[in-house]
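What follows is a single structure, written as structure tokens, with notes after it.
Quick caveat: nothing in here was measured; it's all calculated off a predicted structure. In what follows, every heavy atom counts, from backbone to side chain, and hydrogens, waters and symmetry copies are set aside.
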Amino acid sequence: MCGLLGGVVRKPIARERIQKALHVLDHRGPDGQRQWNDGRFFLGHTRLSIIGLGNGDQPMSNAEGDVHLVVNGEFYGYQKVRDELRAKGARFKTESDSEIALHLYLQNGLRATEQLRGEFAVLIADQRREIMIAIRDRCGIKPLFYAVTPDGVFFSSEIKALLELGVPAAWDTEAAWQDLYIVRNHESTMFAGIRSVPQGCYAIVRGNDVQIYRYWDWDFPTTEESAADKRSEKEVVSGFRNVLSEAVRERMVADVEVGCYLSGGIDSCAVLGLAQAQMSRPIRAYTLAFDNPVWDESPIARRQAEFVGATYHQVPVTRQALADAYADAVWHSETPMVNGHGAAKFLLSKAVRDAGLKVVFTGEGSDELLGGYATFRRDALMHHPGARTQKETDALLAQMFESNSATRSIFMQQAADNPIFVEVVNRLGFLPSFIETFGAMGITASEWLRDDVARFVKGKSVYADVLDRLPLSTAVAGRDRLHQALYVNSKTHLANFILTFLGDRMEMAHSIEGRVPFLDHHVAHYAARVPISMKLKGYREKHVLREAAREVLIEDVYNREKHPFTSPPAAVGDPMMTMMADVLASRALEEQPIFDPAKARQAFKEMQTCPPDQRPAYEGRIQRVVSTTLMHQRFKMSSGPAL
């Protein structure tokens with residue numbers, strides 16, 4: 001993984017200006033830094049060397065010197081693709097996996113995307129056609145941002161590099177409001193004028209014109225296709241194990257050691273088990289350890305690591321460490337946070353980097369593919385009862401919430417006839433539980449907006465803007481309700497939040513490359529077609545994964561219910577509470593333009609006296625105010641142009 005930037009400019013851009021922007025991406029690529037600039041196009045790259053250690057520097061160019069490329073990410077199965085390209089006459093200059101993208105483009109144009117497998121963002125400057133092309137991976141694992149400015153169009157792996165190129169740091173007020181509901185549309189960022197290339201898309205730039213095209217999308221079966229699926233459970237489980245094992249195997253290829261992030265959940269435990277079964281040396285596995293037993297998964301993670309023959313490494317994270325790291329984690333994520341888990345992941349990555357690793361397996365994506373969250377389980381129980389009676393369904397719902405205090409503490413319900421949800425029901429035919437839960441949080445947090453922001457968003461629809469940008473008629477219509485919920489979630493919560501402050505940004509903050517087998521597009525395609533009855537069996541989630549990985553799991557993991565990855569709630573007097581109190585008492589709270597300071601401070605007082613089982617959800621909204629304040633301060637942001 002690396003950092004990249006590039007642009008199409010109206011007049012030549014100084015080398016020093018590009019270098020300054022590259023410098024703020026040093027954490028993404030500490031092993032090398034280069035740029036190319038012809039006065040019309042420029043490309044820059046900071047390298048984290050993983051494959052082709054001695055000769056993989058970028059930008060890369062074709063033999064004629066008129067097509068140039070930079071890549072952030074990894075391409076899996078690249079050896080086979082390289083052999084095929086060589087058979088067709090391609091001449092490779094490096095051992096790097098990145099070079100296949102250059103030759104695929106030269107031979108096949110943008111059909112190259114069909115053979116690019118992995119986590120990646122790519123920039124191509126094609127002087128022959130006078131265009132720049134920006135490609136983002138199918139699931140949005142790697143970030144790719146752009147801004148259209150009077151000076152030209154700029155791209156980068158992170159927003160902070162665009163700011164160094166001269167793009168103003170200003171709030172996108174509408175996006176900040178949408179963000180309260182955790183469903184911000186997949187193209188917007190918190191920064192006015194800065195957009196995200198959507199997952200599974202590429203952009204073509206001519207002059208200052210940017211056109212976005214989709215080359216891949218999540219493909220859930222229609223209800224009729226699902227009903228016609230006659231595979232046995234054994235066939236489905238075998239197929240899923242094969243495709244997941246193959247995705248893990250491909251991600252073992254590296255010229256450096258590959259480790260693993262490990263929790264007590266089935267996702268990372270399955271990845272570790274499948275990887276260790278294919279590796280001759282013990283994998284180093286790293287686990288966060290909290291001081292609250294409800295949220296600490298280290299004991300079960302240790303037993304899992306010992307069971308498969310990995311070496312276990314515990315990373316204790318104190319509340320003081322969380323508080324100290326929080327502001328830096330916000331700066332790296334470039335988006336508000338609702339929990340300390342982002343800061344915890346930031347600290348985990350630092351510990352792993354200090355231990356000498358560059359690459360780790362991670363378990364993100366499984367819940368989004370297989371319906372692992374409590375909200376998805378609720379949808380499956382409510383809308384896909386099979387032969388169950390309503391009484392039996394109600395009993396399972398009650399059991400689901402009573403059995404897990406961590407799940408119960410973050411789940412919020414809201415009346416489905418609330419006006420803000422009407423447009424969701426009109427478009428989807430029902431209200432997905434994840435929208436209901438996040439919507440309840442957004443409704444409360446919206447009460448804390450400044451008056452001018454509240455006036456600005458009055459009459460706007462938070463969900464219409466998001467849903468109307470999605471191809472609902474082709475990707476959602478005619479699908480089972482759980483699959484509709486999974487699709488919409490993949491476009492909003494997964495790409496904008498999970499893969500940001502629990503994925504790439506917290507890993508790359510310390511130059512760690514996270515490899516995500518569950519989000520291999522072959523796994524995603526197969527998982528979409530796993531019958532709902534095998535995604536969830538009763539109220540137990542991810543049944544197909546449990547069975548596929550059973551041989552490599554300890555019984556406690558195999559039988560364990562989904563436990564949300566969150567940091568422990570702050571207690572009165574502990575360092576996290578003190579950190580939040582300090583930010584909310586500061587002048588910075590007065591200066592940020594989104595939240596009313598008096599309302600935020602009053603809400604903070606109420607949080608400290610609310611019932612313990614409500615505190616995590618309440619604290620999430622307080623942390624949003626705190627992280628928004630820190631963003632405003634660290635990026636020296638101005639109010640959005642609309643205000």
Is E392 reaching over with its side chain to a backbone N or O of T389, donor-acceptor style, under 3.5 angstrom?
yes
Restricting to side-chain hydrogen bond (donor to acceptor under 3.5 Å, both in side chains), what partner residues turn up for N496, sequence neighbours left out?
none
I'd like to check the side chain to side chain contact (heavy atoms under 4.5 Å, CB included) partners of Q390; sequence neighbours left out, ordered by chain and number.
T393, D394
Taking only residues two or more places apart in sequence or in another chain, which ones pass side-chain hydrogen bond (donor to acceptor under 3.5 Å, both in side chains) with E619?
Q623
Between K345 and E364, does any NZ, NE, NH1 or NH2 come within less than 4.0 Å of an OD or OE carboxylate oxygen?
yes
Are any of the side-chain nitrogens in D229 or R231 under 4.0 Å away from the carboxylate oxygens of its partner?
yes
Exactly one candidate in E74, R136, M508 meets side-chain contact (heavy atoms from CB on, under 4.5 Å) with K142; the answer is M508
Considering residues at least two apart in sequence or located in another chain, which fulfil the ring-ring contact (aromatic ring centres under 6.0 Å, His included) criterion with F518?
none
Taking the six-membered ring of F75, is the NZ or CZ of R515 close enough (under 6.0 Å from the centre) and on axis enough (within 45°)?
no
With sequence neighbours excluded, what pairs up with R455 under the salt bridge (Lys or Arg N to Asp or Glu O under 4.0 Å) test?
none
Taken in chain and number order and not counting sequence neighbours, the residues that satisfy side-chain hydrogen bond (donor to acceptor under 3.5 Å, both in side chains) with T189 are none
Quick one: ring-ring contact (aromatic ring centres under 6.0 Å, His included) partners of F191, sequence neighbours excluded?
F635
Whether the side chain of T362 engages the backbone of V516 through a donor-acceptor N/O pair (distance < 3.5 Å, no angle test) should be reported.
no
May I have the step-by-step check of side-chain contact (heavy atoms from CB on, under 4.5 Å) for Q199 and R138, ending in yes or no?
CA-CA 5 Å; Q199 55 180 215; R138 293 168 178 82; over 6 Å; no
When you check the gap from the basic side-chain N to the acidic O, do K542 and E561 get nearer than 4.0 Å?
no
Please, which pairs that meet salt bridge (charged side-chain N to carboxylate O under 4.0 Å, His left out) have at least one residue in residues 482-494, sequence neighbours excluded?
D217-K491
For T474 and P471, indicate whether the former's side chain and the latter's backbone hold a donor-acceptor pair under 3.5 Å.
yes
Before accepting this row, confirm whether a basic side-chain N of the pair R481/D379 lies closer than 4.0 Å to the acidic partner's carboxylate O.
no
Can you pull out every salt bridge (charged side-chain N to carboxylate O under 4.0 Å, His left out) where at least one residue sits in residues 333-344? Sequence neighbours excluded, please.
K160-E334, E334-R505
What pairs with R117 under salt bridge (Lys or Arg N to Asp or Glu O under 4.0 Å), at least two apart in sequence or on another chain?
E246, D520
Under 3.5 Å, is there a donor-acceptor pair between the side chain of R621 and the main chain of S446?
no
Can you pull out every salt bridge (charged side-chain N to carboxylate O under 4.0 Å, His left out) where at least one residue sits in residues 184-212? Sequence neighbours excluded, please.
D179-R184, E187-R195
Under-4.0 Å salt bridge between K562 and E541
no
List the residues meeting side-chain hydrogen bond (donor to acceptor under 3.5 Å, both in side chains) with T223, not counting sequence neighbours, and say none if there are none.
D480
